[in-house]
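The next block holds one structure in the form of C-alpha cells; read it before the comments.
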Amino acid sequence: MESFIIEGGHQLQGTITPQGAKNEALEVIAAVLLTSDPVRIANIPDILDVNNLIRLLQDMGVKVTRNGKGDFTFQADELNLDFLASDEYVRKCSALRGSVLMMGPLLGRFGKAVVAEPGGDKIGRRRLDTHFLGFKNLGAAFNADDERHVYNIEAEKLHGTYMLLDEASVTGTANIIMAAVLAEGKTTIYNAACEPYIQQLCTMLNAMGAKITGIASNLLYIDGVSELHGTEHRILPDMIEVGSFIGMAAMVGNGIRIKDCAVAQLGVIPDAFHRLGVKIDVDGDDLYIPHQPHYVVDSFLDGSIMTLADAPWPGLTPDLLSVLIVVATQARGSVLVHQKMFESRLFFVDKLIDMGAQIILCDPHRCVIVGHDRNIQLRAGRMSSPDIRAGIALLIAALGAKGTSRIDNIAQIDRGYEDIEARLNALGAKIRRE
C-alpha cells in the first residue's frame with residue numbers, strides 16, 4: 001500500500017491544467033462496444049479507474065491503440081463474449097464500479113450482458129435499480145446469480161418505450177441511452193440525468209449515427225437505429241478536478257491559474273466557492289484564484305446560516321462537498337453542508353477534527369463547519385483515504401497543515417487524479433510518494 005508524505009505550510013503558485021473528465025471517460029470508453037468500427041478518443045486521463053476499464057475491454061477482445069498521451073483508438077470488431085462468463089471477468093468487474101457501464105452497450109448490440117456487483121468508493125448505498133428497470137422497460141429480462149454475485153441481462157430484441165426514471169442516476173441514464181440507441185422504435189427518457197458527461201456521451205453517439213434529441217435537458221428522445229459507426233471524440237476537462245484546484249488555491253495558494261477549464265460547463269461550482277467567500281477571476285477559459293488572506297462565508301438574504309447541499313445537475317455535484325468542507329475550515333463564518341446522496345461520505349470529517357478543525361457531525365448526511373478564519377492552522381497527522389474525493393480533500397488539508405502528514409491508501413486518490421503529486425509539486429508543494 002502506497003502513502004503520501006506531505007510537508008505542510010508551503011504556499012503554491014503557478015499554472016495547472018486539469019485532466020480529462022474521469023466520469024465522462026468511463027462512459028464514452030464503454031460506448032466503443034456499440035460498433036465494430038474504430039473509435040478515437042482524446043484527452044483520456046491516465047488514472048487507475050480508467051486504465052482498469054481499458055484493460056478489461058482488452059481482455060474482452062477490444063483492440064486498443066495508443067496514438068499519444070491520452071489519445072486512444074478502440075475497435076470492438078472481434079469480441080470474445082465467452083469471457084463474460086469467466087471468473088476472471090467477474091473478479092475484475094467487482095473491483096471497478098465503471099464496469100457497470102458496459103451493460104448498456106453489450107445489451108444493445110449483442111442482446112446480452114453480464115456484470116459483477118461493481119466495486120468503487122465505499123460511500124454508502126449505490127443501488128443499480130435504475131439501470132435494471134430501464135433495461136426491463138426496453139424489453140430485457142434480468143436475473144441475479146447470488147452465488148457468484150453476478151447480474152445477467154438478456155433480450156431477443158430491445159423495443160423503444162416511454163420511461164420515467166425513479167432517480168436521475170448519471171450512470172443509469174448513460175446505460176439506458178447506450179442500450180436504447182440500437183433499440184427498435186422510439187425511446188423517451190424522462191427525469192434523465194443531464195450532467196455534461198451525459199451531454200458529451202449523447203453528442204458522441206450522435207456522431208456515431210445515433211438519433212438523440214433533448215440533449216442537456218432531463219427529457220431525452222432516442223430514435224433507434226440499426227447500427228452505429230466510428231467517430232472521433234474529445235473528453236471535457238474534469239470539473240471535479242477544477243473544483244479541487246479552486247479549493248486548493250483558496251487554502252494554500254499564492255496566485256494559481258487553472259488552464260482550459262471549459263468554464264461554461266462548470267455550472268454552479270464556481271458559485272459554491274463564491275458562497276464561501278473565495279475570489280475567482282474568469283479569464284477566457286481559464287480561472288485565476290488570487291492569494292486569499294481571508295475569505296468570508298456569505299449568508300442568505302434573511303441572515304440564516306449558509307447551507308451547501310448536493311443536487312442532480314445543474315445543482316451542486318456531491319463529488320465536491322468534501323473539498324468545500326476543507327475550504328470552509330479556514331473561512332470566516334459557519335456553513336452547514338448537507339450531503340443528501342450518500343450516507344457515508346461525511347465520515348472522513350473525524351480526520352479533519354483530529355487536525356484541529358471545528359466541525360460538528362450532526363448525522364451521516366449533515367455537518368456544520370465553524371471556520372477558523374486562518375487564526376488556527378490545522379495540525380499535521382496520519383490518516384487514510386476512504387474514497388477518491390475525501391482523499392483529495394485530506395491532501396488539501398495536509399498541504400495547509402503545520403508539520404508533516406501521512407495519507408495511507410492513496411490508491412483511492414490515484415483512481416481519480418492523474419500524477420497528482422508531481423503536478424502539485426510543480427506549484428511548490430512538498431509531497432512524496434512512499
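Numbering of residues begins at 1 and proceeds along the displayed sequence. In this text, all values refer to a predicted model and were calculated from it rather than measured experimentally.
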Derivation and outcome, side-chain contact (heavy atoms from CB on, under 4.5 Å), residues Ile215 and Asn206: CA-CA 10 Å; Ile215 299 172; Asn206 279 349; 3.5 Å; yes

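- In this structure, Ala331 and Leu276 approach most closely via the heavy-atom pair CB-O, 4.2 Å.
- Val323 approaches Ile396 most closely through the heavy-atom pair CG1-CD1, 4.0 Å.
- Using a distance-only test at 3.5 Å, with no hydrogens or angles considered, a donor-acceptor pair links the side chain of Asp285 to the main chain of Val263.
- The distance from atom CG of Leu352 to atom CG of Leu346, rounded to the nearest 0.5 Å, is 10.5 Å.
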Step-by-step side-chain contact (heavy atoms from CB on, under 4.5 Å) determination, Leu107 to Leu182: CA-CA 9 Å; Leu107 181 62; Leu182 293 178; over 6 Å; no

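- Annotation: side chain of Ile29 is not in contact with side chain of Phe72 (no heavy-atom distance under 4.5 Å).
- No donor-acceptor pair under 3.5 Å is formed between the side chain of Gln358 and the backbone N or O of Thr329.
- We find the CD1-CG distance between Ile6 and Asn425 to be 10.0 Å, quoted to the nearest 0.5 Å.
- Judged by distance alone, with hydrogens and angles left aside, the side-chain atoms of Gln339 form no donor-acceptor pair with the main-chain N or O of Arg366 at under 3.5 Å.
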side-chain contact (heavy atoms from CB on, under 4.5 Å) evaluation trace for Thr171 with Leu101: CA-CA 7 Å; Thr171 53; Leu101 287 162; 4.1 Å; yes

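- In this structure, a donor-acceptor pair under 3.5 Å is present between the side chains of Asp166 and Thr130.
- When side chains are defined from C-beta on, Val170 counts as touching Ile198, because their heavy atoms get closer than 4.5 Å.
- Looking at residues two or more places apart in sequence or on another chain, you find a side-chain contact (heavy atoms from CB on, under 4.5 Å) between Gln200 and Glu24, His233, Leu236.
- For NZ of Lys63, the number of neighbouring non-hydrogen atoms (other residues, nucleotides, ligands) closer than 6.0 Å is greater than 12.
- Ala76 and Val62 get closest at one heavy-atom pair: CB-CG2, 4.0 Å.
- Using a distance-only test at 3.5 Å, with no hydrogens or angles considered, a donor-acceptor pair links the side chain of Arg374 to the main chain of Met251.
- Residues Ile258 and Cys261 approach most closely at O-SG, 3.2 Å, considering heavy atoms.
- Counting heavy atoms from C-beta outward, Met102 and Cys93 have side chains that approach closer than 4.5 Å.
- Other residues, nucleotides and ligands contribute at most 12 non-hydrogen atoms within 6.0 Å of the NZ atom of Lys430.
- By the 4.5 Å heavy-atom criterion applied to side chains, His131 and Ile153 are not counted as neighbours.
- Under a 3.5 Å cut-off, the side chain of Arg423 and the backbone N or O of Thr17 do form a donor-acceptor pair.
- A donor-acceptor pair is defined here as one N or O able to donate and one able to accept, closer than 3.5 Å; such a pair exists between the side chain of Ser405 and the backbone of Gly381.
- In this structure, Arg275 and Leu316 have side chains that are not in contact, with every pair of non-hydrogen atoms separated by 4.5 Å or more.
- Within the 6.0 Å centre-distance limit, the rings of Phe132 and Tyr151 are counted as a close aromatic pair.
- For the atom pair CZ (Arg389) and CG (Asp319), the distance works out to 4.5 Å, reported to the nearest 0.5 Å.
- Residues Arg55 and Lys92 form no side-chain contact, since every pair of their non-hydrogen atoms from C-beta on lies 4.5 Å or further apart.
- The backbone N or O of Gly391 sits nowhere less than 3.5 Å from a side-chain atom of Tyr417 that would complete a donor-acceptor pair.
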Audit row: Asp49, Arg415, salt bridge (charged side-chain N to carboxylate O under 4.0 Å, His left out) steps and yes/no: CA-CA 5 Å; Asp49 274 10; Arg415 288 179 49 219; 2.9 Å; yes

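- Remark: of the listed residues Ile44, Asp238, Asp46, Leu48, Asp46 is the sole one forming a side chain to side chain contact (heavy atoms under 4.5 Å, CB included) with Glu418.
- Taking CG of Leu266 as the start and OG1 of Thr317 as the end, the distance is 11.5 Å to the nearest 0.5 Å.
- Contact detail for Ala31 and Leu205: the closest heavy-atom pair is CB-CD2, 4.2 Å.
- Note: Gln19 CD to Ile47 CD1 = 5.0 Å, rounded to the nearest 0.5 Å.
- Between Leu287 and Val282, some side-chain heavy-atom pair lies under the 4.5 Å cut-off.
- Side-chain N or O atoms of Gln292 include one that pairs as donor or acceptor with a backbone N or O of Pro290 at under 3.5 Å.
- Residues satisfying the side-chain contact (heavy atoms from CB on, under 4.5 Å) criterion with Phe347, sequence neighbours excluded, are Ser344, Leu361, Pro364.
- No side-chain heavy atom of Ile392 sits under 4.5 Å from any side-chain heavy atom of Ile240.
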Salt bridge (charged side-chain N to carboxylate O under 4.0 Å, His left out) between Arg433 and Asp414, intermediate numbers included: CA-CA 11 Å; Arg433 182 181 293 258; Asp414 290 336; 2.9 Å; yes

Candidate pair Glu195 and Asn23, rule side-chain contact (heavy atoms from CB on, under 4.5 Å), full reasoning: CA-CA 10 Å; Glu195 272 80 353; Asn23 291 338; over 6 Å; no

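- Considering OG1 of Thr307 and NE2 of His338, their distance stands at 9.5 Å, rounded to 0.5 Å.
- Under the 3.5 Å distance criterion, the side-chain polar atoms of Asp283 are left unmatched by any main-chain donor or acceptor of Asp286.
- Side-chain atoms of Asn409 come within 3.5 Å of backbone atoms of Ser385 as a donor-acceptor pair (strictly under, hydrogens ignored).
- For the pair Met163 and Ile176, the tightest heavy-atom approach, listed with the atom from each and the gap, is SD-CG2, 3.7 Å.
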